[in-house]
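In what follows, a structure is listed as structure tokens, so that the remarks can point back to it.
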Amino acid sequence: VFGKDINLILVLSNLSSDRKSVRVDMSASTILYTRRAVAEILKAATSVELGPKQGKHIRVKIPYTYYGKYLTTDKRIQVTALCEVMRAHGLKLLVEKTIILEDTNIIIKLPRRVVVNKAVSLEISYANPLPEPVSRCVLLVTLMNQQVKINLAPLAPRQRSKIYFEFTPRRAGPLQLQVDFSCDKFSHVKGFVTIAVAPA
């Protein structure tokens with residue numbers, strides 16, 4: 001989840017009946033959705049001895065402090081591990097994993113029934129998932145082809161807050177509400193709901 005440390009496990013297995021020495025070079029970079037690297041955030045190397053038919057786990061931790069300021073709005077991190085079996089004539093294996101961090105910041109609560117030409121109040125809650133305070137918080141609400149910009153108070157680390165948004169639907173049928181939350185440390189955290197508007 002965005003704002004938290006990332007914990008990964010690389011599993012190495014020796015399927016042969018000989019001992020193996022494996023050198024593992026690990027790296028992690030923030031990337032765009034096109035897989036183009038933005039910034040390298042982790043580089044580490046280790047060596048592992050594997051007995052016959054033995055498996056070992058290598059734990060990798062990427063703290064939020066490593067990736068936070070380099071993450072793009074795509075919220076993607078590419079992790080690679082180049083495993084080289086020593087004394088095996090250059091036998092190498094490359095393992096790659098793309099991590100897409102999830103947002104759990106926006107929660108929209110609707111009333112049980114929404115009716116044409118009757119005022120509706122929605123509860124929109126938003127959060128700061130980071131271990132540090134955020135400021136310049138802005139909520140952009142898009143509804144019925146109109147946008148409303150709401151400036152919000154700063155949020156303390158891990159704080160959740162909420163506002164109430166009132167509107168009056170003018171026609172029956174499905175209506176989509178989109179919410180976009182931004183601040184000085186991250187931007188474009190989105191949430192949306194489809195509202196079923198009943199006839200009067």
Side-chain angles (χ1 to χ4, degrees), residues 1-8 29-39 41 62 64 67-79 96-200:
V1 175
F2 173 61
K4 296 193 176 175
D5 296 347
I6 300 166
N7 292 291
L8 304 169
S29 298
T30 56
I31 61 169
L32 301 172
Y33 74 96
T34 57
R35 292 174 60 97
R36 187 169 74 80
V38 175
I41 53 173
I62 307 174
Y64 164 74
Y67 72 80
K69 61 183 175 183
Y70 300 111
L71 208 61
T72 70
T73 53
D74 296 327
K75 296 187 174 62
R76 290 170 188 252
I77 294 173
Q78 178 89 29
V79 183
E96 287 188 327
K97 181 165 182 67
T98 301
I99 299 162
I100 302 172
L101 299 174
E102 293 179 5
D103 288 321
T104 54
N105 291 2
I106 305 287
I107 299 169
I108 304 167
K109 289 185 181 173
L110 303 170
R112 217 173 269 164
R113 187 167 157 77
V114 178
V115 179
V116 169
N117 295 327
K118 205 170 178 183
V120 181
S121 183
L122 307 176
E123 181 186 290
I124 302 172
S125 81
Y126 52 95
N128 171 17
L130 307 184
E132 56 188 332
V134 296
S135 60
R136 298 202 299 276
C137 302
V138 175
L139 210 58
L140 197 62
V141 180
T142 306
L143 181 70
M144 297 186 290
N145 298 321
Q146 291 189 321
Q147 285 191 332
V148 179
K149 183 179 176 182
I150 304 165
N151 293 311
L152 307 166
L155 290 172
R158 312 275 189 222
Q159 183 186 356
R160 179 168 282 281
S161 191
K162 61 187 173 186
I163 63 162
Y164 292 92
F165 181 79
E166 192 171 286
F167 74 99
T168 303
R170 295 300 178 199
R171 59 181 176 79
L175 198 60
Q176 192 168 80
L177 170 95
Q178 185 172 308
V179 177
D180 188 314
F181 177 60
S182 295
C183 64
D184 64 329
K185 300 283 195 313
F186 56 88
S187 60
H188 304 302
V189 174
K190 296 182 187 296
F192 68 91
V193 290
T194 299
I195 305 165
V197 181

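One-based numbering along the sequence shown. No hydrogens, no waters, no symmetry mates; every other heavy atom, side chains included, goes into these values.
A distance-only check finds a donor-acceptor pair linking the side chain of N128 to the backbone of A156 [under 3.5 Å]. A donor-acceptor contact shorter than 3.5 Å links the side chain of T72 to the backbone of D74.
For K190, the NZ atom counts as densely surrounded, since its 6.0 Å shell holds more than 12 non-hydrogen atoms of other residues, nucleotides or ligands. For Q146, the CD atom is loosely surrounded, since the number of other residues' heavy atoms within 6.0 Å does not exceed 12.
The shortest heavy-atom contact between P154 and C137 is CA-SG, 4.3 Å. Here the closest heavy-atom approach between residue Y67 and residue T30 is recorded as O-CG2, 4.3 Å. S135 and C183 get closest at one heavy-atom pair: O-CB, 3.4 Å. A37 approaches S29 most closely through the heavy-atom pair CB-CB, 4.4 Å. K118 approaches T168 most closely through the heavy-atom pair N-CG2, 3.7 Å. Closest of all the heavy-atom pairs between T194 and P174 is CG2-CB, 3.9 Å.
Using a 4.5 Å heavy-atom cutoff, the side chains of I62 and D5 are not in contact. Counting heavy atoms from C-beta outward, I195 and L177 have side chains that approach closer than 4.5 Å. Between R136 and N151, the closest side-chain pair of non-hydrogen atoms is not below 4.5 Å. At least one side-chain heavy atom of S161 sits less than 4.5 Å from a side-chain heavy atom of L155. Side chains of L152 and I163 form a contact here, defined as non-hydrogen atoms less than 4.5 Å apart. Taking the side chain as every heavy atom from C-beta outward, K4 and P129 never approach each other to under 4.5 Å. Contact annotation: the side chain of L71 never approaches that of F186 to less than 4.5 Å [non-hydrogen atoms, C-beta and beyond]. Inter-residue side-chain proximity for L175 and F167 is flagged as met; some heavy-atom pair is nearer than 4.5 Å.
Expressed to the nearest 0.5 Å, how far CD of Q147 lies from CG of N145 amounts to 10.0 Å. Here K109 contributes atom NZ and K162 contributes atom NZ; the two are 6.5 Å apart, rounded to the nearest 0.5 Å. In this structure, CD on Q176 lies 13.5 Å from CE on M144, to the nearest 0.5 angstrom. Atom NE2 of H188 sits about 12.5 Å away from atom CZ of F181, to the nearest 0.5 Å. Annotation: the span from K69 atom NZ to Y64 atom OH amounts to 10.0 Å, rounded to 0.5 Å. Rounded to the nearest 0.5 Å, atoms CG (L139) and NZ (K149) are 11.5 Å apart.
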Decide side chain to side chain contact (heavy atoms under 4.5 Å, CB included) for V148 and F165; before the verdict, give the C-alpha distance in whole Å, the side-chain angles of both, and the deciding distance to 0.1 Å. CA-CA 10 Å; V148 179; F165 181 79; 4.2 Å; yes
Can L122 and Y164 be said to form a side chain to side chain contact (heavy atoms under 4.5 Å, CB included), step by step? CA-CA 6 Å; L122 307 176; Y164 292 92; over 6 Å; no
Under the side chain to side chain contact (heavy atoms under 4.5 Å, CB included) criterion, do I108 and V179 qualify, and how do the steps go? CA-CA 9 Å; I108 304 167; V179 177; 3.8 Å; yes
Steps toward side chain to side chain contact (heavy atoms under 4.5 Å, CB included) verdict (V141, I124): CA-CA 10 Å; V141 180; I124 302 172; 4.2 Å; yes
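Residues R76 and T98 bring no donor and acceptor atom of their side chains to less than 3.5 Å of each other.
In this structure, R35 pairs ionically with E96, as a charged nitrogen and a carboxylate oxygen lie closer than 4.0 Å.
For the side-chain contact (heavy atoms from CB on, under 4.5 Å) criterion with P169, the lone passing option out of N117, V114, V115 is V114.
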